[in-house]
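A quick note: this is a predicted structure, and the numbers were derived from the prediction, not measured. Numbers here simply count residues along the sequence, with the first being 1.
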Amino acid sequence: MGLIIDKMVNNNCRLGIWEIEESYDELISDLKLSREEIDKLVSFKNHRRKLEWLSVRVLLNTLTQKNNNIVYNGNRKPFLADKSYHISISHSDHYAAVIISAQNNVGIDIEKIQPKITHIAEKFINRTEFQHIESSNKIYHLYIYWCAKEALYKMFDKKDISFKDNIFIEPFIPKDEGTITGKVKTPEINEKICLNYFHINNYSIVWGYKN
C-alpha cells in the first residue's frame, strides 16, 4: 500500500503515514543502507520488526526526497546525521509514522488499539486523568493518553521524564480527531504543548511540535 497520508501540518512540519504491505525485498530495494545499517537490520530476529525498521526509512526518504542516515543520541532519540530536519518516528504492526520539521522539535506516536492497554493504564495515567476517562470509550481514550504522552516524551528528548509523574494531559472528550493540551513538568521543564490526534482503522495517532 505504501504512503497513505502525506500532509503539511504547518509551514514547516510534514506528516506521513505508511501502510506496510510490501515485502522485505521490496522495501530494502528502495534504500541505500550503510554497512552499519545493514548490520543493525540483520540483528533483528523478528521479521515484522525488520519490516517496520525498513518502512520508517522508506517513508522518511519519501517525505524528504533524499536518502537519510538516522543516528541516535544517548537517550535513543533519532536524528538525521546531516541535521536537515528534526524528526520523530513511530511504528506499530502494519503502520509506520514519521513527522519532520526544518525548525521545530516534533513528536509522534502511533499505536494499534487493543484491550490490553487497560491492564497497564495505572502505570501512565495519574489519578486526575483517570477520573476523566470516558467509560463508554475507555480503550480509545486510554490510547490517546498513551500516544500523547509518548509524543511529548519524544519531543523533550526522552530524558528523565515519567509518563505518570511528569506528563499531564488536560481533560478532553475523545473524537475521531481533535486537539488536546499536554504539559511537561520537571525541575528543568515547564511547558504546555498543543497536540493533535486522530485514528485510522484501528490505530491511534498523536503528533505535535514545540515552538
Side-chain angles (χ1 to χ4, degrees), residues 1 3-7 9 13 15-21 46 48-49 51-53 55-56 59 76-78 87-100 105-158 161-185 191-210:
M1 180 65 74
L3 190 65
I4 57 172
I5 293 177
D6 177 8
K7 66 177 182 178
V9 295
C13 289
L15 181 150
I17 306 291
W18 189 278
E19 186 171 0
I20 310 169
E21 291 190 345
N46 184 278
R48 171 53 55 180
R49 179 70 183 92
L51 295 181
E52 292 171 344
W53 190 93
S55 64
V56 161
L59 173 55
R76 297 299 298 162
K77 177 172 176 149
I87 66 169
S88 183
I89 62 180
S90 184
H91 47 74
S92 180
D93 200 17
H94 292 287
Y95 287 86
V98 169
I99 187 169
I100 64 172
N105 282 337
V106 288
I108 193 167
D109 192 54
I110 184 169
E111 298 290 343
K112 186 175 183 179
I113 299 170
Q114 302 178 85
K116 66 181 182 181
I117 195 170
T118 58
H119 302 309
I120 62 167
E122 64 180 20
K123 294 183 178 180
F124 66 92
I125 294 285
N126 63 51
R127 182 176 299 177
T128 300
E129 291 166 337
F130 203 84
Q131 289 173 348
H132 290 93
I133 294 292
E134 196 173 75
S135 59
S136 62
N137 205 6
K138 183 177 181 178
I139 294 173
Y140 179 45
H141 207 160
L142 285 171
Y143 267 101
I144 298 173
Y145 271 110
W146 171 266
C147 290
K149 294 193 176 200
E150 183 70 38
L152 288 168
Y153 180 68
K154 294 174 179 178
M155 201 182 301
F156 285 90
D157 204 19
K158 303 183 177 183
I161 295 176
S162 161
F163 278 28
K164 188 171 182 176
D165 300 326
N166 302 121
I167 304 178
F168 310 96
I169 307 299
E170 293 185 359
F172 67 98
I173 297 172
K175 303 175 183 178
D176 287 343
E177 60 180 303
T179 59
I180 53 179
T181 300
K183 184 174 183 180
V184 179
K185 189 171 184 179
E191 292 199 41
K192 275 190 175 184
I193 302 289
C194 179
L195 298 164
N196 301 266
Y197 72 88
F198 64 99
H199 70 85
I200 182 169
N201 296 328
N202 198 40
Y203 291 78
S204 172
I205 301 103
V206 179
W207 59 271
Y209 57 89
K210 177 177 170 301

**Report entry** With sequence neighbours excluded, residues passing side-chain hydrogen bond (donor to acceptor under 3.5 Å, both in side chains) with Ser88
**Finding:** none

Query raised in the report: Can you list the residues that meet the ring-ring contact (aromatic ring centres under 6.0 Å, His included) rule with His199, with sequence neighbours excluded?
Result: Tyr140

Report summary line: Rounded to the nearest 0.5 angstrom, the CD1-CD1 distance for Ile113 and Ile144 is 8.0 Å

Requested in this report: Rounded to the nearest 0.5 Å, what's the gap from CD1 on Ile87 to CD1 on Ile108? Could you check?
Outcome: 11.5 Å

Query raised in the report: Is any side-chain heavy atom of Tyr153 less than 4.5 Å from a side-chain heavy atom of Asp109?
Result: no

Query raised in the report: How about Phe172 and Leu195: do any of their side-chain heavy atoms sit closer than 4.5 Å?
Result: no

Report task. Would you please name every residue forming a side-chain contact (heavy atoms from CB on, under 4.5 Å) with Gln114, sequence neighbours left out? Result -> Lys112, Lys116, Tyr143

Query - Which residues share a salt bridge (charged side-chain N to carboxylate O under 4.0 Å, His left out) with Glu150, sequence neighbours left out - result: none

Report task. List in chain and number order the residues that pass side-chain contact (heavy atoms from CB on, under 4.5 Å) with Asn46, two or more places apart in sequence or in another chain; answer none if no residue qualifies. Result -> Arg48, Arg49

Query raised in the report: Can you find a heavy atom in the side chain of Phe163 that is under 4.5 Å from one in the side chain of Lys123?
Result: no

**Report entry** For Glu170, side-chain contact (heavy atoms from CB on, under 4.5 Å) partners two or more places apart
**Finding:** Thr181, Lys192

Requested in this report: Please name all residues satisfying side-chain hydrogen bond (donor to acceptor under 3.5 Å, both in side chains) with Tyr197, sequence neighbours left out, ordered by chain then number.
Outcome: none

Query raised in the report: Excluding sequence neighbours, so at least two apart, what forms salt bridge (charged side-chain N to carboxylate O under 4.0 Å, His left out) with Lys138?
Result: none

Report task. Report the residues that fulfil side-chain contact (heavy atoms from CB on, under 4.5 Å) with Lys210, sequence neighbours left out, ordered by chain and then residue number. Result -> Asn105, Met155, Phe156, Glu191, Ile193

Query raised in the report: Looking only at heavy atoms, what is the nearest atom pair of Leu142 and Ala121, with distance?
Result: CD2-CB, 3.9 Å

Report task. Identify, with sequence neighbours excluded, every residue that meets side-chain hydrogen bond (donor to acceptor under 3.5 Å, both in side chains) alongside Glu52. Result -> His91

Query raised in the report: Among pairs that include at least one residue of residues 106-139, which meet ring pair (Phe, Tyr, Trp, His ring centres under 6.0 Å), considering only residues two or more places apart or in two chains?
Result: Phe124-Trp146

**Report entry** Test salt bridge (charged side-chain N to carboxylate O under 4.0 Å, His left out) applied to Asp165 - qualifying residues, sequence neighbours left out
**Finding:** none

Report task. Check the surroundings of atom CD in Glu122: do more than 12 heavy atoms from other residues, nucleotides or ligands lie under 6.0 Å from it? Result -> no

Query - Sub-4.5 Å side-chain heavy-atom contact between Ile4 and Tyr95 - result: yes

Query raised in the report: At what distance, to the nearest 0.5 angstrom, does CG of Asn201 lie from NE2 of His94?
Result: 11.0 Å

